[in-house]
Structures are given as C-alpha cells and as structure tokens.
Amino acid sequence: MSNVAIVGRPNVGKSSLFNKLTKSKKAIVSEFEGLTRDRQVSKTIIDNLSYEIIDSGGLNFSNNNSALDSQILNQTNLATDEADLVLFVVEYKSGLLPDDQVISKLLRKKNKDICLVINKVDGVSDETAKLDFMNLGYQQVICTSVSHNYGIDSIIEFIAHKLDG
Ligand code: GDP
C-alpha cells in the first residue's frame with residue numbers, strides 16, 4: 001500500500017487538507033482513521049486502490065512560532081520516512097518563510113517524490129501564487145484553497161496518477 005505524507009509548518013492547512021482528502025466523496029472512501037505514533041493516519045481508497053494518508057500535524061504543537069521547533073522536524077521525519085509521496089504544504093497568504101525553507105531542505109535530503117501544495121490561494125490566480133514559491137524549485141506544484149474546496153480534486157487525481165495503490 002502506498003503512503004502519502006502531508007508536511008509543512010503549523011497553520012498552513014495540513015489538517016484541513018487531510019480532512020478533505022480523506023472525506024472527499026469524489027474519489028476517496030475512508031476505511032480507517034486514527035492516531036498512530038503521534039500521526040493522524042487514514043486508510044483511504046482512490047479508484048479501488050488503497051492508500052495511507054498521514055498528517056504530520058496530528059499533534060498540537062506549542063504556540064511558539066518564532067522558531068521551527070525540533071518537534072516539528074521530528075514529526076516531519078517520522079511522517080516522511082515511509083512516504084512514497086510527500087505533499088509539502090506552504091501558505092500563499094504568508095508567503096515563503098524561513099521555516100518553509102528549513103522543511104524543504106530536510107525533505108530534499110530524503111530523495112522523496114515531493115509535490116508542493118500552495119494553500120490559501122483565495123482570490124488570486126495560480127500563476128501569481130506560484131511566483132512567490134518559485135525559488136524552492138519544485139516541478140510539481142498544485143495550488144489549493146482547502147477551505148473553499150479548490151484544488152482538492154487535483155490533488156486526488158495527482159495521487160492516483162502517481163501511485164498505484
Ligand atoms: P495545520 O496546522 O497546518 O494543520 O493547519 P489547519 O488545517 O489547522 O489550518 C490552520 C487555519 O487555516 C485554520 O483556521 C483553517 O481554517 C485555515 N485554512 C485552511 N485552509 C485555508 C484556505 O484555503 N484559506 C484560508 N483563508 N484559510 C484556510
């Protein structure tokens with residue numbers, strides 16, 4: 001079974017994305033959902049194939065936003081070690097922050113298949129949103145506004161296209 005990890009700094013919308021992906025009526029039926037090893041995990045089905053979707057933000061981190069704390073790095077490591085595909089979530093509204101770059105570097109070292117998800121793209125074009133994050137250098141980029149259900153289907157289709165269950 002393929003593993004999809006959702007990572008990123010706090011408040012970018014990881015849990016919201018996890019919830020939409022695992023409860024979407026379009027392509028995914030959630031078979032199982034629970035907290036395992038401090039991660040929110042859901043076994044879901046896309047086109048009759050099973051996937052495990054992992055939300056690395058399953059824990060409530062401290063409110064200290066000034067520095068990326070080691071807990072977040074540990075969570076990112078834990079979630080991505082077994083991942084076949086990583087959805088790296090950043091936030092358009094805040095722009096590219098140093099913590100995004102720290103996480104990006106960590107992910108690069110792991111040689112995983114990574115899709116950059118730019119969330120909170122509310123009321124601007126994808127092209128505009130992508131400009132801010134070009135420096136990260138990702139080839140696979142999907143813009144979303146999770147709270148407006150924008151881009152969710154694109155991610156579901158991307159997962160199904162990339163992984164064969
Ligand atoms: P996490 O800490 O990365 O898991 O982030 P959450 O999923 O808890 O979301 C953090 C906040 O951002 C919540 O208040 C969400 O409602 C909000 N949020 C999530 N997606 C969007 C979006 O597309 N647009 C806007 N404006 N807010 C969003």
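Whatever order the structure lists ligands and atoms in, that order sets their numbers, starting from 1.
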D126 and Y150 side chains, donor-acceptor separation under 3.5 Å: yes
Residues D113 and Q140: side-chain donor-acceptor under 3.5 angstrom: yes
Minimum side-chain heavy-atom gap V86-L107 below 4.5 Å: yes
Side-chain heavy atoms of C115 within contact of I142, under 4.5 Å: yes
Region of D122 engaging ligand 1 - heavy atom pairs below 4.0 Å: side chain
For ligand 1, the portion of L17 having any non-hydrogen atom under 4.0 Å away: neither
T80 side-chain N/O to A83 backbone N/O, donor-acceptor pair under 3.5 Å: no
If I apply the N/O under 3.5 Å rule, does [X] come out as touching ligand 1?
{"X": "G13", "answer": "yes"}
{"X": "P10", "answer": "no"}
{"X": "H148", "answer": "no"}
{"X": "T144", "answer": "no"}

Out of all atoms in ligand 1, which are within 4.0 Å of some heavy atom of [X]? Include the element for each.
{"X": "S145", "value": "23 (O)"}
{"X": "K14", "value": "1 (P), 2 (O), 3 (O), 4 (O), 5 (O), 7 (O)"}
{"X": "S147", "value": "20 (N), 21 (C), 22 (C), 23 (O), 24 (N), 25 (C), 27 (N), 28 (C)"}

Residue-ligand contact K93/ligand 1, heavy atom below 4.0 Å: yes
Candidates V12, V124, D122 - the one meeting side-chain contact (heavy atoms from CB on, under 4.5 Å) with K93: D122
Full working for salt bridge (charged side-chain N to carboxylate O under 4.0 Å, His left out) between D84 and K162: CA-CA 9 Å; D84 301 293; K162 272 276 159 188; over 6 Å; no
